[in-house]
Number of protein chains: 2
Amino acid sequence: MVQKRSDRPAKSEAPTAPRKRGRPRAYEPDVALARAMDVFWRDGFAATSLDTLSAATGMNRPSLYGAFGDKRDIYVKAYERYRERGRQRMADIFASDRPLREQLRQIYAVAIDMYVSGEDGPRGCFTVMTATSEAVFDPVLRELAVSGLDEMDRAFARLFKAAQAKGELAATADPALLAQLASAAIHTLAVRARVRVPRKDLEAIAAAAADLICGRPKDR
Amino acid sequence: MVQKRSDRPAKSEAPTAPRKRGRPRAYEPDVALARAMDVFWRDGFAATSLDTLSAATGMNRPSLYGAFGDKRDIYVKAYERYRERGRQRMADIFASDRPLREQLRQIYAVAIDMYVSGEDGPRGCFTVMTATSEAVFDPVLRELAVSGLDEMDRAFARLFKAAQAKGELAATADPALLAQLASAAIHTLAVRARVRVPRKDLEAIAAAAADLICGRPKDR
DNA sequence: GGATTATTTTGCGAAGTGGTACAAAAAAGA
DNA sequence: TCTTTTTTGTACCACTTCGCAAAATAATCC
């Protein structure tokens, strides 16, 4: 009996078996948070009640509170999870060294996918739709929303710098400024998706944005 | 005594003196609606309570209901008022026949003015911030939000068509598509204003958008 | 088995929600 | 002065909201 409880018990199977002491959880924190994210993403902060969260997660309110904290805490965690998922979906595309126009096309395609997703209707972008609403008077939420916008801007800026180095983009362009316009396309896609603009129209906007940024396409 | 009550009494002074029969109103409907608009614009639909509206307008709830209807009715009227005001502020600029780049600069300047306005903090754009949130599940509100986006798109499209006719814009450009990108800049300004991005930064984005749309500036 | 620990369940309470009924108030008309 | 008409102010309703305390439950540890 060397190990006590300070380090992982290292059970036989998956890392998801620490076998703690008391009554076992009836929920999986990660999937519960995913459901909470779905609700906040769809309805926003103010329009979401703890009862709705409770129903969506299958946890009753005290369990919710114990696991994640109060409503605002759940919101913050849900939003961070949203950010993390978005980061994962975008990472490969930003990292690939394909032609700039193609990278842009793929990035916008992923964005559109996310924004029109939703069981009961297109949800748009969590950052643009709900995070910015709460951002004005809540400094913490504002910092989160700002970092969400910044992250996208900076990713685009890196992309454009690399494209300039490869000669795919005019050397006179300001990468940081152009990045914010590339993000602007993301934002308009989010807004328009939310009012049920058809996917086809969104794709046309995305293509036009990519064209405008890269310069007119040479061939077709 | 020819005229009864079907037509205007045409009192001596302003048209605001029909002198109706019962107890006179303690509020002016128009300024009350302006206050309601301020609240909804700032807080959105869900986070606004009738008590808040009551306090802001100086009307108590029954009077609010009598004058404008239920909460959603007030919201709709407030949003329509917002639209009307925006239309007024933009109309002259869109109608002027100045150089395209200058028109764009002015349009974006007005937008920034509106979006950073607000006694307690920047409010962003009513359409982008709150109308789109409610738009997913409420067909009426969706139609309103869509028409709000469309109106801006179409105004830009007319602008670009005229610019093409004057030779200020490449004939190969698609005015309708380019218009949606011009609107995208509006949307990103709204989003960023809401998270308290400084005015100076917003102006830089607006200038970059105008440059990108018009083509690089010839001189400076 | 009994003690310990962690979680769920039940239920409550205080505040807030949108909406309304009803009487008092304030004007014009007779 | 008395009636009629319109609006206001008070009070209330049924319901929802968030958060929490206390008890019940289910596991491990000894």
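Reminder, nothing fancy here: chain letters follow the sequence lines and each chain counts from 1.
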Please list, pair by pair, any protein nitrogen or oxygen found under 3.5 Å from a nitrogen or oxygen in nucleotides 15-22 of chain C.
unit_1, atom_1, unit_2, atom_2, d
C:dG18, OP1, B:T48, O, 3.3
C:dG18, OP1, B:K71, NZ, 3.0
C:dG18, OP2, B:L50, N, 2.7
C:dG19, OP2, B:K71, N, 3.2
C:dG19, N7, B:R61, NE, 3.1
C:dG19, O6, B:R61, NE, 3.4
C:dG19, O6, B:R61, NH2, 2.1
C:dT20, OP2, B:Y65, OH, 2.8

| query | For A:D43, which residues count as a side-chain contact (heavy atoms from CB on, under 4.5 Å) partner, sequence neighbours excluded? | reply | A:V39, A:A47, A:T48, B:F137
Could you go through residues 156-163 of chain B and list every donor-acceptor pair under 3.5 Å that involves a side-chain atom there, pairing it with any protein atom two or more places apart or in another chain?
none

| Parallel, tilted or perpendicular for B:F126 and B:W41, by the 30°/60° rule? | parallel
| Atom-to-atom span, CZ of A:R25 to C1' of D:dT28 - whole angstrom | 16 Å
If you restrict it to nitrogen or oxygen atoms, what contacts under 3.5 Å exist between nucleotides 24-26 of chain D and the protein, and what is each distance?
unit_1, atom_1, unit_2, atom_2, d
D:dT25, O4', A:R23, NH1, 3.4
D:dT25, O2, A:R23, NH1, 3.1

| request: Using ring-ring contact (aromatic ring centres under 6.0 Å, His included) as the criterion, list what pairs up with B:Y27, not counting sequence neighbours. | output: none
| field | Length of the line joining A:N60:CG and D:dG19:P, which is rounded to integer Å | value | 15 Å
| task | Under the salt bridge (Lys or Arg N to Asp or Glu O under 4.0 Å) rule, collect the residues that match up with B:E151, sequence neighbours excluded. | result | B:R83, B:R87
| message | With a 4.0 Å cutoff (strictly under), does any side-chain N or O of A:S63 reach OP1 or OP2 of C:dT8? | response | yes
| field | Closest non-hydrogen atom pair, B:M59 against B:A32 | value | SD-CB, 3.5 Å
| message | Rounded at 0.5 Å granularity, tell me how far CZ in A:F40 sits from NZ in A:K71. | response | 6.0 Å
| query | Which one of B:D150, B:V136, B:T132, B:L144 satisfies the side chain to side chain contact (heavy atoms under 4.5 Å, CB included) criterion with A:V195? | reply | B:T132
| For the pair made of OH in A:Y27 and C1' in C:dT8, what is the distance, rounded to whole Å? | 10 Å
